[in-house]
Amino acid sequence: MKEVVVVHYSELGTKGGNRRVFERKFAEDVRRRLGPRALKVRLDSARVIVELAPGTDRADIGRVLDPVFGMAWYAFGYLVPWSSENDGLSEAESAAVALARAEPVVRTFKIETRRSSKKYPHLSHAVCVRLGDAVVSATGLRVDVHNPDRTLYAEVLETEIAVLSHRVQGLRGLPQFSSGRMLCLFSGGIDSPVAAWLMMRRGAKVDLLHFHPYRSSDEVIGTKITKLFSVLAGFNPDLRLFLVPHDRYQATASLHVPPACETVFFRRFMFRAGEEMANALSYQALITGDSLGQVASQTVENLMAVQTELSVPVFQPLIASDKESIIALAKKMDVFDLAVQPYKDCCSLLAKKPKTNVDTALIRRLEQELDLRKMISESFEAAQLWDGRTLRSFPRGKVKE
Ligand code: ATP
Ligand code: MG
């Protein structure tokens, strides 16, 4: 009887010919995160079977698996073999009894069986009855098929039966790194970490781009920006953060941009800079935390003015969300308390009464007159890259994997 954790993925069934690729990415993510805690990780009948190293701590495995995207649920238990000579049921009975005994005070239970192998000689119902009877006579628990305290699961695979208990729900979504590379404009408020996370959950490989108000990027290290980075890196290992000072922008803009359009023009600067970085470093899209109508810069007119003529798609997963539901997500991913910490914010430099309908033509004109491209390339001269451990400069255009 091998000790296992069985991990079920979500949504992959809809992926047709790509399904294998998604499955492999999912299994690879599970394998990489578990490291030496797993003796063996393999795909079997649309789930991932992990044989655990002896003495592994279940709470520790739970902590490692919880941030896996694409996971419907996981459950611990035992794997027993079956073959044409031996239906495996007597070992499966022992497994079910061991799991039932390990449960703290439950009085009722039921068995649920799923047969992935159609060659197995017994029907699901017969497996439920055998395992259920064994648990009743060994433990005195009662069967309640409608409202049990605990459900035990028997999953009949091609040559084995997994007997499991205690499903833990996953985050769902798509497997890590299965949906392209994206660059998130990252402010360190509540919205942009949530937006980045939502796109990670759809399988995107996300990096972050933050424009900061300091003279040097070293000063950002240790602020809430790098703390938020660390939380997000727990979901997407290999996460990177580009840090770009916006003083070059401020120096020119503060003299020439009418105060009522300063917010929108600053956002135009960030979006254009994001576009440039995306094109140079092969990101396929930008992500922002914009939400329609949340603040004056997020009216339809102002969103249009900021995004006009961009050559990369901009994904705004929160565009239709209200603040309460964004906050609920921020709490779920454990970034809310960090996101509301004070930060030397650029927004304090900006107009108190921004215009709600800045004209796209005005933005275009300012862009030409103030040579936005030059401001961006000067800003990028000072850009640095944070990977969670070191801060380094990068030669432009040479930060690819
Ligand atoms: P919150 O609204 O919770 O304060 P936010 O991240 O939404 O935080 P906003 O001022 O509403 O901040 O900005 C809207 C979007 O613009 C952000 O979600 C982010 O994508 C982008 N953004 C704003 N400021 C910056 C910045 N300094 N660097 C990079 N992107 C930024
Ligand atoms: Mg916002």
Side-chain angles (χ1 to χ4, degrees), residues 182-200 204 206-214 217 219-220 223-226 228-229 231-232 240-250 253 262-278 283 285-299 302-303 305-307 310 312-331 333 335-352 354 356 375-376 379-380 382-384 386:
M182 300 176 198
L183 184 64
C184 178
L185 297 180
F186 189 69
S187 67
I190 299 165
D191 301 331
S192 47
V194 173
W197 185 84
L198 285 171
M199 297 310 292
M200 288 175 179
V206 176
D207 285 324
L208 310 174
L209 170 59
H210 174 63
F211 295 91
H212 66 78
Y214 298 101
S217 296
E219 294 179 70
V220 182
T223 65
K224 70 168 177 173
I225 299 297
T226 53
L228 286 164
F229 167 93
V231 177
L232 286 169
R240 302 179 307 174
L241 167 67
F242 296 95
L243 291 170
V244 182
H246 58 61
D247 53 357
R248 272 81 171 170
Y249 168 86
Q250 295 295 347
E262 218 183 348
T263 314
V264 172
F265 195 63
F266 178 49
R267 281 165 51 74
R268 177 64 170 171
F269 161 77
M270 293 192 290
F271 278 59
R272 275 287 197 207
E275 172 194 41
E276 198 154 303
M277 190 168 270
Y283 292 102
L286 300 178
I287 302 167
T288 79
D290 287 303
S291 169
L292 187 62
Q294 191 189 76
V295 290
S297 58
Q298 292 167 344
T299 58
N302 285 349
L303 289 168
V306 167
Q307 288 179 47
L310 289 181
V312 281
V314 182
F315 296 148
Q316 302 180 312
L318 303 177
I319 198 73
S321 302
D322 57 45
K323 197 80 195 186
E324 267 173 38
S325 52
I326 299 171
I327 288 174
L329 270 176
K331 289 185 172 162
M333 46 180 290
V335 294
F336 180 75
D337 293 340
L338 285 174
V340 295
Q341 279 180 13
Y343 181 63
K344 187 179 171 190
D345 204 349
C346 48
C347 300
S348 54
L349 304 175
L350 300 176
K352 295 280 177 287
T356 52
M375 274 190 242
I376 290 171
S379 302
F380 279 160
Q384 297 212 283
W386 172 250

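Counting convention: from 1, in listed order, for ligands and their atoms alike.
For the side chain to side chain contact (heavy atoms under 4.5 Å, CB included) test, residues two or more places apart in sequence or in another chain that qualify with Val306 are Val264, Arg267, Phe271.
Not a single N or O atom of Gly188, backbone or side chain, sits closer than 3.5 Å to an N or O atom of ligand 1. Every N/O-N/O distance between Phe271 and ligand 1 stays at or above 3.5 Å. Checked against a 3.5 angstrom limit, the closest N/O atoms of Gly289 and ligand 1 fall inside it.
Look at Lys323 and you'll find a heavy atom under 4.0 Å from some atom of ligand 1.
Those atoms of ligand 1 that come under 4.0 Å of a heavy atom in Thr288, given as number and element, are 20 (O). Interface of Leu209 with ligand 1, defined as ligand atoms under 4.0 Å from a residue heavy atom, comprises 29 (C). Heavy-atom proximity to Phe186, at under 4.0 Å, picks out these atoms of ligand 1: 26 (C), 28 (N), 29 (C), 30 (N). Listed by number with element, the atoms of ligand 1 under 4.0 angstrom from any heavy atom of Gln298 are 11 (O), 14 (C).
There is no side-chain donor-acceptor pair under 3.5 Å between Thr299 and Thr356. Between His212 and Ser217, the side chains place a donor N or O and an acceptor N or O closer than 3.5 Å (distance only, hydrogens not considered).
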> Are Ser325 and Asp322 close enough, and set up right, to give a side-chain contact (heavy atoms from CB on, under 4.5 Å), and what steps lead you there?
Replying inline: CA-CA 6 Å; Ser325 52; Asp322 57 45; 3.0 Å; yes
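Relative ring orientation between Tyr343 and His210 is described as tilted, the plane-to-plane angle lying within the 30° to 60° band. Ring geometry, Phe265 versus Tyr249: the interplanar angle falls from 30° to 60°, so the pair is classed tilted.
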